[in-house]
Engineer: 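Okay, handing you the structure first.
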Amino acid sequence: MQAMGLQKGSIYKAFGDKHALFLCALQRYLDQMYGVQRATLAAAASPRAALQAWLDQLIEAAPVEGGSCRGCLAVNTLVELGPHDEQARRVLEAHFERMRKLLMEQIGRGQELGAFRRDVDAETFARVLMTFIAGLFGGLKGSLTKADARRLADTTLQLMG
């Protein structure tokens, strides 16, 4: 409000309404997250190192134990709004699809190099990782610690081969 020099009601009107403002904020959050995650995956020396760095980055981004944990806006929106907000669900589906593609690229390269099992296709592994991360974020809002999360991430990568 301060940066735009507008009052609360005027901001909503500038974006159409409160829901439209939320969708813009969600898209911005997802775009920023995607850029960071894409850079992390691209910078690693190998596909396994890329996935490890990606998982480490997500775990490190989680709030510290005992702190206020608001969680991930994407996961929270999926759980809270996804079932009944078609617009939010479409924004999230597009984001999750582009993330799956990034993961599939790394997994496919890893399979070609013999770093990951080949009896499970790259898309399935990517979906497993995405589901794992969503569950991990939910767990970190509860009693799961970052140390627990790291052990689970390591085990998940070991299961991939």
Side-chain angles (χ1 to χ4, degrees), residues 1-4 11 15 19-82 85 87-113 115-116 121-142 144-161:
M1 290 185 328
Q2 188 177 32
M4 294 177 72
I11 286 182
F15 287 89
H19 186 255
L21 173 60
F22 171 76
L23 291 174
C24 287
L26 176 63
Q27 186 64 59
R28 183 170 190 264
Y29 172 86
L30 296 172
D31 290 344
Q32 289 176 338
M33 184 183 352
Y34 177 76
V36 169
Q37 292 177 355
R38 185 181 65 212
T40 298
L41 289 166
S46 70
R48 181 173 290 281
L51 294 182
Q52 184 69 60
W54 177 71
L55 289 166
D56 289 346
Q57 177 189 64
L58 291 171
I59 292 167
E60 282 307 309
V64 294
E65 292 90 355
S68 172
C69 184
R70 292 180 288 172
C72 170
L73 181 60
V75 174
N76 290 347
T77 301
L78 179 65
V79 171
E80 295 173 20
L81 297 181
D85 186 328
Q87 290 175 304
R89 188 173 53 250
R90 280 194 311 248
V91 168
L92 290 167
E93 286 173 354
H95 171 71
F96 293 145
E97 178 61 25
R98 66 183 176 173
M99 280 307 306
R100 266 193 304 276
K101 287 179 182 179
L102 282 180
L103 294 173
M104 286 170 54
E105 289 173 17
Q106 291 294 333
I107 295 164
R109 280 192 330 116
Q111 288 173 322
E112 290 171 8
L113 296 170
F116 299 128
D121 62 88
E123 182 178 0
T124 299
F125 270 143
R127 288 180 181 276
V128 166
L129 287 173
M130 297 286 292
T131 303
F132 169 73
I133 286 300
L136 191 71
F137 285 168
L140 286 167
K141 288 178 78 168
L144 193 68
T145 67
K146 286 188 180 186
D148 295 331
R150 286 184 192 95
R151 281 192 299 278
L152 291 170
D154 290 344
T155 300
T156 299
L157 285 180
Q158 289 172 3
L159 291 172
M160 290 177 65

Engineer: For Arg98 and Asp31, run salt bridge (charged side-chain N to carboxylate O under 4.0 Å, His left out): C-alpha distance rounded to whole Å, both residues' side-chain angles, the deciding distance at 0.1 Å, then the answer.
Structural biologist: CA-CA 10 Å; Arg98 66 183 176 173; Asp31 290 344; 2.8 Å; yes
Engineer: To the closest 0.5 Å, what do you measure between CD (Gln37) and NE2 (His95)?
Structural biologist: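 One gets 6.0 Å once the value is rounded to the nearest 0.5 Å.
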Engineer: Might you point out which heavy atoms bring Cys72 and Phe137 nearest each other, and give the distance in Å?
Structural biologist: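 Minimum heavy-atom separation between Cys72 and Phe137: CB-CD1, 3.4 Å.
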Engineer: So, taking the atom named OH in Tyr29 and the one named CZ in Phe22, what distance separates them when rounded to the nearest 0.5 Å?
Structural biologist: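 That separation rounds to 10.5 Å.
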Engineer: Have Arg90 and Gln87 got a donor and an acceptor in their side chains that come within less than 3.5 Å?
Structural biologist: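 Absent: no donor and acceptor within the cut-off.
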Engineer: Show your working on side-chain contact (heavy atoms from CB on, under 4.5 Å) between Leu30 and Met33 and close with a plain yes or no.
Structural biologist: CA-CA 5 Å; Leu30 296 172; Met33 184 183 352; 3.9 Å; yes
Engineer: Any chance you could measure Leu136, atom CG, to Thr156, atom OG1, to the nearest 0.5 Å?
Structural biologist: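 Result: 8.5 Å between the selected atoms.
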Engineer: With side-chain contact (heavy atoms from CB on, under 4.5 Å) as the criterion, how do Met104 and Ile107 come out once you've worked through the C-alpha distance, each side chain's angles and the decisive distance to 0.1 Å?
Structural biologist: CA-CA 5 Å; Met104 286 170 54; Ile107 295 164; 5.6 Å; no
Engineer: Looking at every heavy atom in both Gly108 and Ala122, which two are closest together, and how far apart are they?
Structural biologist: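 Reported closest heavy-atom pair: N-CB, 4.0 Å.
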Engineer: How close do Phe116 and Gln106 get, counting heavy atoms only, and between which atoms?
Structural biologist: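 Minimum heavy-atom separation between Phe116 and Gln106: CE1-O, 4.1 Å.
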Engineer: Salt bridge or not between Arg127 and Asp121? Use side-chain N to carboxylate O under 4.0 Å.
Structural biologist: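 Answer for the salt bridge query: no.
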Engineer: Supply the atom-to-atom distance Arg28 CZ to Leu26 CG, rounded to the nearest 0.5 angstrom.
Structural biologist: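 Those atoms lie 12.5 Å apart.
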Engineer: With side-chain contact (heavy atoms from CB on, under 4.5 Å) as the test, would you mind laying out the steps for Val128 and Met160 before giving the verdict?
Structural biologist: CA-CA 10 Å; Val128 166; Met160 290 177 65; over 6 Å; no
Engineer: Nearest heavy-atom pair of Leu140 and Leu144: which atoms, and what distance?
Structural biologist: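 It is CD2-O, 3.5 Å.
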Engineer: Step by step, would you call Leu102 with Trp54 a side-chain contact (heavy atoms from CB on, under 4.5 Å)?
Structural biologist: CA-CA 11 Å; Leu102 282 180; Trp54 177 71; over 6 Å; no
Engineer: Give me the atom names and distance for the closest heavy-atom approach of Ala49 to Ala44.
Structural biologist: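 Looking at all heavy atoms of both residues, the closest pair is C-CB, 3.7 Å.
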Engineer: Can you tell me if Gln57 uses its side chain to pair, donor with acceptor, with the backbone of Thr40 under 3.5 Å?
Structural biologist: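 Between the backbone of Thr40 and the side chain of Gln57 there is no qualifying donor-acceptor contact (under 3.5 Å).
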Engineer: Examine distances only and state if a side-chain atom of Asn76 and a backbone atom of Leu73 form a donor-acceptor pair shorter than 3.5 Å.
Structural biologist: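 No, because the side chain of Asn76 does not come within donor-acceptor range (under 3.5 Å) of the backbone of Leu73.
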Engineer: Could you tell me which non-hydrogen atom of Leu103 sits nearest to which non-hydrogen atom of Ala126, and how far apart they are?
Structural biologist: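 The answer is CB-CB, 3.9 Å.
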Engineer: Does the side chain of Asp154 pick up a donor-acceptor pair with the side chain of Gln158 at under 3.5 Å?
Structural biologist: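 Gln158 and Asp154 do not have a side-chain donor-acceptor pair below 3.5 Å.
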Engineer: Rounded to the nearest 0.5 Å, what's the gap from CG on Leu152 to CG on Leu157? Could you check?
Structural biologist: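 Reported value, rounded in 0.5 Å steps: 11.5 Å.
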Engineer: Rounded at 0.5 Å granularity, tell me how far CD in Gln27 sits from CG in Leu92.
Structural biologist: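 The CG atom of Leu92 is 9.0 Å from CD of Gln27, to the nearest 0.5 Å.
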Engineer: Working note: Glu112 + Arg109, criterion salt bridge (charged side-chain N to carboxylate O under 4.0 Å, His left out); need CA distance, chi angles, decisive distance, verdict.
Structural biologist: CA-CA 5 Å; Glu112 290 171 8; Arg109 280 192 330 116; over 6 Å; no
Engineer: Side chains of Leu113 and Pro47: does their closest heavy-atom pair fall under 4.5 Å?
Structural biologist: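 They are in side-chain contact.
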